[in-house]
Amino acid sequence: MRDRREKLERLRASGVDPYSRGFMPTNTTEGAKALLGDAERSRPVALAGRLMVKRLQGGLVFADLQDGHGRIQLMANRNVLGEEEFSRFADLDAGDIIGASGPIFRTKRGEITLEVHSIQLLTKSLRPLPEKWHGLKDVEIRYRQRYVDLIANPQVRAVFRARTRIIAAIRGLLDERGFIDVETPVLQEIPGGGHARPFQTHHNSLDRDLYLRIALELHLKRLLVGGFERVYEIGRVFRNEGLSPRHNPEFTLLESYQAYADYEDVMQLVEDLMVVSAMAADRPLETSYQGESVNLTPPYRRERMADLVLEHTGRHAAGEELNDLFEEHVEPRLRQPTFVLDYPVEISPLARPREDDPRFVERFELIILGREYANAFTELTDPIDQRARFEAQAAMRAAGNVEAHPMDEDFLRAVEYGLPPCGGLGIGVDRLVMLLTDQPSIRDVILFPVMKSEA
RNA sequence: GCUCGCGUAGCUCAACUGGCAGAGCAGGGGACUCUUAAUCCCAAGGUUCAGGGUUCGAUUCCCUGCGCGAGCACCA
């Protein structure tokens with residue numbers, strides 16, 4: 001650090017701007033490598049990136065230049081560059097961002113290399129890079145200073161590129177099927193659509209408390225009332241809960257709603273989404289997660305919750321007890337993709353009851369490796385029933401259950417205008433990305449995860 | 001919030017039952033015209049997370065705090 005500050009001042013004194021501009025690369029490192037083909041030398045190209053490793057060898061300097069796409073070796077030759085520019089090149093530090101120009105050729109060892117004919121220092125780096133061989137391992141620094149993680153660990157960049165591709169593929173499929181991509185409020189008066197403690201905030205000029213949304217559901221359904229028949233949103237939601245390898249207080253949720261569909265149709269959609277997502281992540285359907293093999297090839301097994309609980313525990317149960325037994329005894333044992341069907345009505349205040357047995361609703365979750373990846377139902381469209389469900393939740397709330405669903409009169413008013421029969425879906429995007437990039441922690445798929453204050 | 005583990009140089013890691021805190025890489029100086037974890041020589045680099053305690057002596061043992069991780073709780 002100190003040495004580099006001094007070097008910075010020396011550079012300035014010698015008339016070099018250590019934070020210059022005006023350099024435009026003609027190619028990426030990968031593009032430049034491809035340019036060579038079978039030729040001995042290419043036309044001159046201009047590349048820009050971060051200098052990663054420097055190897056001095058007398059009158060030659062080899063260095064690796066890293067850009068957003070990859071790396072290429074640079075070679076500077078004293079006899080080609082001239083004494084002055086050669087020593088300027090040799091004086092560069094690992095971490096500096098530079099522009100380099102010259103033709104591409106192959107070294108005697110066969111490495112595709114740019115022969116440096118001119119260089120420009122674009123940004124001087126004042127801090128040393130992590131160890132070149134072991135990279136950066138300290139997870140605390142990796143998460144707090146993700147920029148360093150991304151410089152030092154190319155596989156981390158690959159994970160986040162895969163994340164972006166997965167989300168693009170999801171959008172692509174939904175767009176193609178006529179869903180429209182919408183944005184609904186993050187700041188809400190009534191944080192509904194799920195069971196979770198919200199973050200509270202305050203609007204100063206309205207002098208009113210607001211909450212960060214915990215789900216997307218109720219606004220998306222209002223849009224179905226309004227006449228949009230297929231909508232979806234991929235957006236950040238916030239839940240005021242503990243942290244774990246599977247929980248970050250802010251995370252990305254996909255929710256979609258499709259008029260005139262039911263949960264059977266949504267199961268089909270989920271299977272299709274899983275396939276396009278895996279493809280986008282370059283992940284085969286027969287794959288593994290953290291060493292455990294899993295086959296994502298549809299169709300997925302479909303089982304009623306009550307049947308699964310009976311099978312695993314020998315017990316007939318209903319209501320919340322059924323769900324508790326399921327979570328404790330069944331869910332952890334469901335390793336291959338399974339649609340668990342027909343949840344108790346008590347824990348599903350927004351879902352449509354089964355006609356043949358109103359103790360249950362037309363709801364499913366997709367469980368893979370003991371974890372939930374999707375939650376969906378045939379939506380409740382009866383405003384009278386919906387009001388009764390909210391009132392039941394409000395009673396639980398009054399009894400001290402802070403996560404019971406709050407009453408939302410405006411939502412009820414919307415449903416009273418007429419919500420078309422529809423199927424809704426929610427998918428935790430971060431957890432899906434974890435599965436498809438084989439990452440053990442949600443922090444590995446969120447660029448800047450929530451951390452405690454730095455000491 | 002609870003339990004357990006971890007915290008040593010910029011980075012990756014050592015340091016026996018408590019006995020002078022070390023190496024590699026990075027950074028500094030030097031040699032070297034086909035290296036690619038370059039190599040070789042020289043010098044430098046520390047609040048051992050913080051504070052307290054036990055001890056002749058603490059990186060090591062004890063307590064408290066902070067941070068990180070895992071598990072639990074919580075989170076349908």
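Everything numeric in this text was worked out from a predicted model, so none of it was measured. Every chain is numbered from 1, with letters handed out A, B, ... down the list of sequences.
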Could you check which of B/G27, B/G67, B/C34 has an atom nearest any side-chain atom of A/Ala94?
-> B/G27
Can you tell me, in whole Å, how much space there is between the C1' of B/C4 and that of B/A9?
-> 29 Å
Proximity to the side chain of A/Glu403 - top-ranked nucleotide from B/C34, B/C75, B/G69 = B/C75
Picking from B/C11, B/U36, B/G67, which would you name as closest to the side chain of A/Glu131?
-> B/C11
Have a look at A/Ile141 and say if it touches a base, only the backbone sugar-phosphate, or nothing, with a 4.0 Å heavy-atom cut-off.
-> sugar-phosphate
Within residues 320-353 of chain A, residues whose heavy atoms come under 4.0 Å of RNA chain B | A/Glu327, A/Ile347
Give the rounded distance in Å between these two atoms: CD1 of A/Ile104 and P of B/C34.
-> 20 Å
Round to the nearest Å and state the distance from A/Arg5 atom CZ to B/G27 atom C1'.
-> 16 Å
Separation of atom CG in A/Leu150 from atom P in B/C11, rounded to whole Å | 17 Å
Between A/Arg144 (CZ) and B/G7 (C1'), how many Å, whole number?
-> 13 Å
Could you tell me which non-hydrogen atom of A/Leu51 sits nearest to which non-hydrogen atom of A/Asp93, and how far apart they are?
-> CD2-O, 3.7 Å
G-U wobble or Watson-Crick pairing nucleotide for B/A14 (cut-off 3.5 Å, both distances) = none
P atoms of B/G24 and B/U59, separation to the nearest Å | 23 Å
Applying the 3.5 Å cut-off to both distances, the Watson-Crick or G-U partner of B/A26 turns out to be none
Using a cut-off of 4.0 Å on non-hydrogen atoms, how would the nucleic acid contact of A/Gln57 be classed: base, sugar-phosphate, or nothing?
-> base
Given B/C75, B/A70, B/C32, which nucleotide is nearest the side-chain atoms of A/Arg443?
-> B/A70
Closest contact, heavy atoms only, A/Gly193 versus A/Leu350 = CA-CD1, 3.9 Å
Is the distance from OP1 or OP2 of B/U12 to the nearest side-chain N or O of A/Lys137 less than 4.0 Å?
-> no
Any strand is fair game: report the nucleotide pairing with B/A43 by Watson-Crick or G-U wobble, both distances under 3.5 Å, or none.
-> none
Have a look at A/Gly135 and say if it touches a base, only the backbone sugar-phosphate, or nothing, with a 4.0 Å heavy-atom cut-off.
-> sugar-phosphate
B/G69 pairs with which nucleotide, Watson-Crick or G-U wobble, both distances below 3.5 Å?
-> B/C4
Between the protein and nucleotides 3-6 of chain B, list the N/O to N/O atom pairs that are separated by less than 3.5 angstrom.
none

Listed partners of A/Arg142 passing salt bridge (charged side-chain N to carboxylate O under 4.0 Å, His left out), at least two apart | A/Asp149, A/Asp444
Is the phosphate of B/C34, meaning OP1 or OP2, less than 4.0 Å from a side-chain N or O of A/Arg106?
-> no
How far, in whole Å, is B/U3 from B/A15 if one measures between their C1' atoms?
-> 30 Å
Axial cation check for A/Tyr343 ring with A/Arg363, 6.0 Å and 45° limits | yes
Which word best sums up how the rings of A/Phe339 and A/Phe364 line up, parallel for under 30°, tilted for 30 to 60°, or perpendicular for over 60°?
-> perpendicular
Could you check how far CG of A/Leu56 sits from C1' of B/G27, rounded to whole Å?
-> 13 Å
Can you list, by residue number, the residues of residues 25-55 of chain A that have a non-hydrogen atom closer than 4.0 angstrom to RNA chain B?
-> A/Val53, A/Arg55
Same-atom distance (C1') from B/C20 to B/U48, integer angstrom = 15 Å
Whole angstrom is fine here: how far is it from CG in A/Asn77 over to P in B/C32?
-> 15 Å
Rounded to the nearest angstrom, tell me the gap between atom CD in A/Glu241 and atom P in B/C75.
-> 7 Å
So, with a heavy-atom separation below 4.0 Å from RNA chain B, the residues of residues 61-75 of chain A are A/Phe62, A/Gln73
Within the pair A/Arg142 and B/C68, is there a side-chain N or O less than 4.0 Å away from OP1 or OP2?
-> no
Taking the same atom, P, in B/C63 and in B/G5, what whole-Å distance lies between them?
-> 11 Å
Of all the nucleotides listed (B/C75, B/G67, B/C72), which has the minimum atom distance to the side chain of A/His247?
-> B/C75
Would you call the rings of A/Phe390 and A/Phe411 parallel, tilted or perpendicular, where under 30° means parallel and over 60° means perpendicular?
-> tilted
At under 4.0 Å between heavy atoms, what does A/Asn79 touch on the DNA or RNA strands: base, sugar-phosphate, or nothing?
-> base
Between A/Arg239 (CZ) and B/C74 (P), how many Å, whole number?
-> 16 Å
Identify, residue by residue, the members of residues 357-389 of chain A with a heavy atom below 4.0 Å from RNA chain B, and return them in order of residue number, or none.
-> A/Arg363, A/Glu365
Upstream residue (5' side of RNA chain B) when A/Asn401 and A/Pro440 are each assigned their closest nucleotide = A/Pro440
